[in-house]
Colleague: 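Got a structure for you, questions after.
Counting convention: from 1, in listed order, for ligands and their atoms alike.
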Amino acid sequence: MESPFKHIVVTGGAGFIGSNFVHYVYNNFPDVHITVLDKLTYAGNVNNINMLFDSGRVELVEGDIADPKIVDEVASKADAIVHYAAESHNDNSLVSQDEFVQTNFIGTYTLIQAARKYDLRFHHVSTDEVYGDLPYREELPGHGEGAGEKFTPETPYNPTSPYSSTKAASDLIVRAWVRSFGLKATISNCSNNYGPYQHIEKFIPRQITNILSGIKPKLYGDGKNVRDWIHTEDHSSGVWAILTKGRYGETYLIGADGEKNNKEVLEDILTRMDKSADDYDRIIDPRGDAHDKRYAIDNTKLREELGWEPKHTDFESGLQATIDWYKENEDWWKAEKDAVEAKYAETQKIVEK
Ligand code: NAD
Ligand code: TDX
């Protein structure tokens, strides 16, 4: 397939979702050259993309999106920027906030100034968490079938954590730059992703690698919190559709109708990995009042306006493939496991039975 863009910069392209997008573009659009701009923080891993370097079509520039000099250098050679780089973990944002403000806000500011200077197409990747949370379905009249019971592009912003509020702030400056300076930008807000290359600090890979390491999985609170799971490849195809066909200034929500509560997901993982469904530790909820209850995406605009459809509509088979990936790629995560769990152990307490 031919792409309207020949040289794209992918920020955060060595992280989980960014690297999956790099593979997606590499596999589907042979005429595109990709420059990954990534600081290689704890969450970035060159092994997510280095198998593509020999092709000459993908290169890595190690650098900070908040550094105007390096950003100018990569932007001057490109025709589009797809912006994934972020500090992305809610739990970390409750412990330390500087890097969230610096990367998510100042980093985005630095990128849009460069996109403006070189008149580049800019796509800003954001999260559904900017909208805050929704009540549980059982708390709603009609149990979630009525209007206003999923996020839409018109839902007011109401972020609850340092992570989601710095993402919200970055969305707002992108919107303002469209209006004030004619920035050729679009924004997408996606729900929780799962799939290969996700850092083992996050819920699904943490539990899979706990089981593979002989550690009991850890469930926060009562496990009732609902996330709207989407396979990361479907996120990639959504971003590509918006980048190539979206209208400037518009926000598109990406989600694949995958609502599940954490307890269900954990029980599913345990059963698939030949453990008893109740073989986990309950953790005193480390997020307390900042723990968003439910996320749910209304994807009508993306489907109807841009003709997007998710491919991975069966969460069960996607989850099994993800479990298999972590089993087959121990080398990718094993060395980090002890340190990730030790960090969690500093702040997280098991509920005594
Ligand atoms: P991740 O933490 O796995 O990866 C982030 C990447 O950004 C890493 O490679 C890291 O090295 C890089 N990075 C961090 N700070 C940087 C800086 N200052 N300069 C350059 N590179 C830097 O994150 P992810 O889960 O892949 O999320 C990617 C994007 O998608 C984020 O913007 C996030 O808000 C958004 N998002 C994530 C999800 C999800 O479920 N994970 C859902 C919706 C939206
Ligand atoms: O060990 C755990 N046990 C647990 O019960 C962890 C790490 C998490 N949880 C719960 C908290 C959440 O309700 O699982 C749910 C998912 O947690 P995370 O994987 O940390 O994701 P979340 O906070 O929902 O945010 C994710 O989705 C939206 C991404 O990390 C964000 O980057 C994205 O914007």
Colleague: Under 3.5 Å, N or O to N or O, is L37 touching ligand 1 that way?
Modeller: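 Checking ligand 1 against L37, no N or O pair falls under 3.5 Å apart.
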
Colleague: Do any nitrogen or oxygen atoms of F16 come within less than 3.5 Å of a nitrogen or oxygen of ligand 1?
Modeller: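 Yes; the residue has a nitrogen or oxygen that sits under 3.5 Å from a nitrogen or oxygen of the ligand.
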
Colleague: If we set the cut-off at 4.0 Å for heavy atoms, which region of A66 has an atom near ligand 1: side chain, backbone, both, or neither?
Modeller: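 It is neither part, as no heavy atom is under 4.0 Å.
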
Colleague: To which of A85, A86, G12 does the heavy atom nearest atom 14 (C) of ligand 1 belong?
Modeller: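 Selected option, by shortest heavy-atom distance: A86.
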
Colleague: Enumerate, one pair per line, all nitrogen or oxygen atoms of ligand 2 lying under 3.5 Å from a protein nitrogen or oxygen, stating the separation to 0.1 Å; write 'none' if no such pair exists.
Modeller:
{"residue": "ligand 2", "atom": "1 (O)", "partner": "R206", "partner atom": "NH1", "Å": "2.8"}
{"residue": "ligand 2", "atom": "1 (O)", "partner": "Q207", "partner atom": "NE2", "Å": "3.0"}
{"residue": "ligand 2", "atom": "1 (O)", "partner": "K218", "partner atom": "O", "Å": "3.4"}
{"residue": "ligand 2", "atom": "3 (N)", "partner": "K218", "partner atom": "O", "Å": "2.8"}
{"residue": "ligand 2", "atom": "5 (O)", "partner": "Y220", "partner atom": "N", "Å": "2.8"}
{"residue": "ligand 2", "atom": "13 (O)", "partner": "R227", "partner atom": "NH2", "Å": "3.1"}
{"residue": "ligand 2", "atom": "13 (O)", "partner": "N262", "partner atom": "ND2", "Å": "2.8"}
{"residue": "ligand 2", "atom": "13 (O)", "partner": "H291", "partner atom": "NE2", "Å": "2.7"}
{"residue": "ligand 2", "atom": "14 (O)", "partner": "N262", "partner atom": "ND2", "Å": "3.4"}
{"residue": "ligand 2", "atom": "19 (O)", "partner": "F203", "partner atom": "N", "Å": "2.9"}
{"residue": "ligand 2", "atom": "20 (O)", "partner": "R287", "partner atom": "NH2", "Å": "2.8"}
{"residue": "ligand 2", "atom": "23 (O)", "partner": "N90", "partner atom": "ND2", "Å": "2.9"}
{"residue": "ligand 2", "atom": "23 (O)", "partner": "R287", "partner atom": "NH1", "Å": "2.6"}
{"residue": "ligand 2", "atom": "23 (O)", "partner": "R287", "partner atom": "NH2", "Å": "3.3"}
{"residue": "ligand 2", "atom": "24 (O)", "partner": "N192", "partner atom": "ND2", "Å": "2.9"}
{"residue": "ligand 2", "atom": "24 (O)", "partner": "R227", "partner atom": "NE", "Å": "2.7"}
{"residue": "ligand 2", "atom": "25 (O)", "partner": "E129", "partner atom": "OE2", "Å": "2.8"}
{"residue": "ligand 2", "atom": "27 (O)", "partner": "E129", "partner atom": "OE2", "Å": "3.4"}
{"residue": "ligand 2", "atom": "27 (O)", "partner": "N192", "partner atom": "OD1", "Å": "3.3"}
{"residue": "ligand 2", "atom": "27 (O)", "partner": "N192", "partner atom": "ND2", "Å": "3.1"}
{"residue": "ligand 2", "atom": "30 (O)", "partner": "S88", "partner atom": "O", "Å": "3.4"}
{"residue": "ligand 2", "atom": "32 (O)", "partner": "S88", "partner atom": "O", "Å": "2.8"}
{"residue": "ligand 2", "atom": "32 (O)", "partner": "Y163", "partner atom": "OH", "Å": "3.0"}
{"residue": "ligand 2", "atom": "34 (O)", "partner": "T127", "partner atom": "OG1", "Å": "2.7"}
{"residue": "ligand 2", "atom": "34 (O)", "partner": "Y163", "partner atom": "OH", "Å": "2.5"}

Colleague: What residues, two or more places apart in sequence or in another chain, satisfy side-chain contact (heavy atoms from CB on, under 4.5 Å) together with A43?
Modeller: T41

Colleague: Flag H235 as yes when one of its N or O atoms lies below 3.5 Å from any N or O atom of ligand 1, and as no otherwise.
Modeller: no

Colleague: What residues form a side-chain contact (heavy atoms from CB on, under 4.5 Å) with A321, not counting sequence neighbours?
Modeller: none

Colleague: In terms of residue, atom name and distance, what is the protein heavy atom nearest to atom 41 (N) of ligand 1?
Modeller: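 Result: I17 CD1, 3.5 Å.
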
Colleague: Can you name the side-chain contact (heavy atoms from CB on, under 4.5 Å) partners of P135, sequence neighbours left out?
Modeller: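 Listed in chain order: E139, L140.
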
Colleague: Any N/O of E201 closer than 3.5 Å to an N/O of ligand 1?
Modeller: no

Colleague: Counting only nitrogen or oxygen atoms and a 3.5 angstrom limit, does Y84 reach ligand 1?
Modeller: yes

